[in-house]
Amino acid sequence: MPRNHMELDQIDTLSVLSEDGSIDKSQLPKLSKEELLKSYRFLVLTRRTDEQALRYQRQGRIGTFAPSTGQEASQIGSAMAISKEDWFIPSFRELGVALCRGMSIRDYFLFIMGFEEANQGLKGTNNMPVSVPVGSQCAFTPGIAWGIKLDKKKAAAVVYFGDGATSEGDFHEGLNFCGALNLPAVYLCQNNQWAISTPRSQQTAAKSIAQKAIAYGVCGIQVDGNDFFAVYKATKEALDRAKKGEGPTLIECVTYRLSVHTTADDPTVYRAKEEEEAWQKKDPIERLRKYLEKEKLWDSSHQEKLEEDIKAEIKKGYEEAEQFRNSIPDPLKFFDHQYETIPPYLAWQKSMAKEKIQGRNVIKGATEGYKGPGGAAAVGELEEAGDE
Amino acid sequence: MSTKKLTMVEALNLALREELQRDKNVMIFGEDVGIDGGVFRVTKGLIQEFGKERVIDTPLAEACIIGSAFGLAVYGKRPVCEIQFSGFMYEGFHQIESHVARIRARTYGALQAPMVIRAPYSGGIKALEHHSESKEMYYVHTPGLVVIIPSGPKNARSLMKAAIRANDPVIFLEPKSVYRAFREEIDLDQDDVAEIGKAQIVRPGSQVTVVTYGAMLYQTKKAIQKGIEAHNWDPEVIDLQTLSPMDTQTIIESVKKTGRCVIVHEAHRTGGIAAEIIARVMESAFLSLQAPIERVTGWDTQVPYFARENVYIPDPQSIENAIQKVLNF
């Protein structure tokens, strides 16, 4: 066999809406006025919920969470393409998708307040709870896609993860498995450039994340992740292919985490202000608003009204969550859900726990609050200082 | 009544076949489980009978085999996945700990993962490295998992049927040395489904309670046979069958009756199930004890290569000695 070049698939890139709000009409996906405005509302709702949650967290009202700020177009753009029959498999930074999928603000806050009850509404929704161990959701996604395929349903499993997750074995096993079994799955990477303090450049020597699709014989595409239309279009196309039995797709949304990794993180330690400012100019929400204004679908009075509505919605959701916490929910409830029925030795342990907490209110709120700049790294330090 | 004498491999094969017939949601997958019938032939003939949609050869990817079983289970299927040897389960342990075991707890029952992870396990067949370990305690230590270890063909069938029908995830570890060691009569007409979380009194007795499971039941039976014949022993032998959730009650009642207890397992000594049983006896039957509890276990060493395997695995003589010691106290 003489030396030759092996022909490999190519990776497309896609961008529809530029930073100044101008558009490539030939690539513009079909969306009604209502769908567009609904999408825009979700973009703003996601941003404002994060902002308000950050205030609540700093006030010690809620626990640690991972904001989606900067990534709203990647999230809402893809979520608007996903149907109810499809499955949504999140990592831990998909507030926008979860809201589009019907999660209530109340349940979101309930989760950050540390109550499992937040997940009780998942039954029958085709939505999975968040996966905290990075990338691990990529390895069970094939199972859900496989179930869909066996039942011959017109649906697909859509899994979300970040650039850091693509260094995990679970991502590679999952995508390969889906390719080998030709499963209806969409692997959606929000490449937000940072895995806590590790930049994308240190995560892989590869030119793109999308190109990893080639190795597994599946479709791959890299899109501007701050471009609502590009993300929507790529996700829609991937879902159409999956539902036609044409297999999985890897979508890389190139975006940026404008905020902290989680509320326990301090990005000033590891990245330059100039970089953040450069990405702020590419803000996905601003970009879509400019387009809507150009198309005469939106103006400042619309915006004012929207901000008011959203503010009230977030406040109401938070208050509902707080009401639940204040109702003193059963502190021993977790014993009942380890197995379908509680084994005798566990019932015994439950009775001991009951004795332990007798007469005390033990439901833990996030009352300690923010420990100052430096996030998790500073917690021990400050506690030590407090002892003096 | 039609009965047949089967080995454990054949009994497991029968159980899988029966459950595939009973419930169309049951499916089998793993490495080489299809045309090859599994390296031990537990899934032999199933692909021919039930087709490639329900008996599937997967890529060589333990994390994804276990992960897929989890996804399928949450979706609504009844997956039974095989990990070729329990020594390769660690590749998928992350999925077990992070997702399989905790889905019920983290959703307060809104979602569940009814699935079975099967794996040939433990030593005694002169296998190569990574093929002889007894690491059941990893799974016993993880709340939310059911851990089952059968000891013979008959309970392998009834426990497997129960595992597949359970709504909690089951780790089903099959002692390799028992696979073809002996046959038991199995009633093919009876839908024999064991009760999960229930130990079995294999031999009622009055002098000493001997608790064991898996391949060690076979060794224990050899040990007591000698004692019964030579010294008129009357031991009560308990086969745990389910290690988690463990049937504390059966053990406690027995120890209260006999006042003596010996525990036998092949797993490492430190943190083995014997340690937990001893603790539970101390909590609930301390005043009934007439002698310190003895345990016969594998050592706290890596399982040596097979040339020295017999030094590691408890044998009938060491079990006999422990029982004798407790009786003589």
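Letters A, B, ... are given to chains in the order of the sequence lines, protein chains preceding strands, and every chain is numbered from 1.
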**Study point:** A:Asp170 and A:Ser136 side chains, donor-acceptor separation under 3.5 Å
**Key:** no

Check your understanding: Between B:Phe29 and A:Trp146, does the ring centroid distance fall short of 6.0 Å?
Key -> yes

Review point. Would you call A:Glu85-A:Lys153 a salt bridge at under 4.0 Å N-O?
Key: no

Review point. Taking only heavy atoms into account, what residues of residues 76-85 of chain B are found under 4.5 Å from chain A?
Key: B:Lys77

Review point. Does any heavy atom of chain B fall under 4.5 Å from the side chain of A:Gln137, the backbone, both, or neither of them?
Key: backbone

Review point. Taking A:Val132, A:Ile148, A:Leu181 one by one, which has the highest count of heavy-atom pairs under 4.5 Å against chain B?
Key: A:Ile148

Point to revise | Qualifying residue for side chain to side chain contact (heavy atoms under 4.5 Å, CB included) with A:Val362, from A:Leu332, A:Ile357, A:Ile328 | key: A:Ile357

Review point. When only pairs under 4.5 Å are counted, which of B:His99, B:His94, B:Met246, B:Arg54 shares the most heavy-atom pairs with chain A?
Key: B:His99

Check your understanding: Taking only residues at least two apart or on different chains, which pairs with a member in residues 280-289 of chain B satisfy side-chain hydrogen bond (donor to acceptor under 3.5 Å, both in side chains)?
Key -> B:Thr248-B:Arg280, B:Glu276-B:Arg280

Revision key, fill the gap. Assert top hit (heavy-atom pairs under 4.5 Å, partner chain B, pool A:Leu122, A:Ile89, A:Thr141, A:Asp151) equals A:Asp151

Check your understanding: Is chain B contacted by the side chain of A:Leu346, its backbone, both, or neither, given a heavy-atom distance below 4.5 Å?
Key -> neither

Revision key, fill the gap. Among B:Asp247, B:Leu60, B:Leu145, B:Val146, the residue with the most heavy-atom pairs under 4.5 Å to chain A is B:Leu145

Exercise for review: Determine, for A:Lys243 against A:Asp86, whether the closest basic-nitrogen to carboxylate-oxygen distance falls under 4.0 angstrom.
Suggested key: yes

**Study point:** N-O pairing of B:Glu19 and B:Arg22 below 4.0 Å
**Key:** yes

Study note, to complete from the structure: Applying side-chain contact (heavy atoms from CB on, under 4.5 Å) to B:Ala110 and not counting sequence neighbours gives A:Lys123, B:Thr107

Review point. Given that the side chain runs from C-beta out, which part of A:Tyr345 has a heavy atom under 4.5 Å from chain B: side chain, backbone, both or neither?
Key: side chain

Check your understanding: What part of A:Val159 gets closer than 4.5 Å to chain B, counting heavy atoms only: side chain, backbone, both or neither?
Key -> neither

Review point. For A:Lys333, is it the side chain, the backbone, both, or neither that has a heavy atom closer than 4.5 Å to a heavy atom of chain B?
Key: both

Point to revise | Under 4.5 Å from a heavy atom of chain B, the part of A:Pro142 involved | key: both

Practice item. Just do the ring pair (Phe, Tyr, Trp, His ring centres under 6.0 Å) check on B:Phe93 and B:Tyr139 with the steps written out, would you? Key: CA-CA 9 Å; B:Phe93 189 81; B:Tyr139 312 105; 5.8 Å; yes

Review point. A:Phe111 and A:Phe65: aromatic ring centres closer than 6.0 Å?
Key: no

Exercise for review: Go through the structure and list residues passing side-chain contact (heavy atoms from CB on, under 4.5 Å) with B:Glu53, not counting sequence neighbours.
Suggested key: A:Leu150, A:Lys152

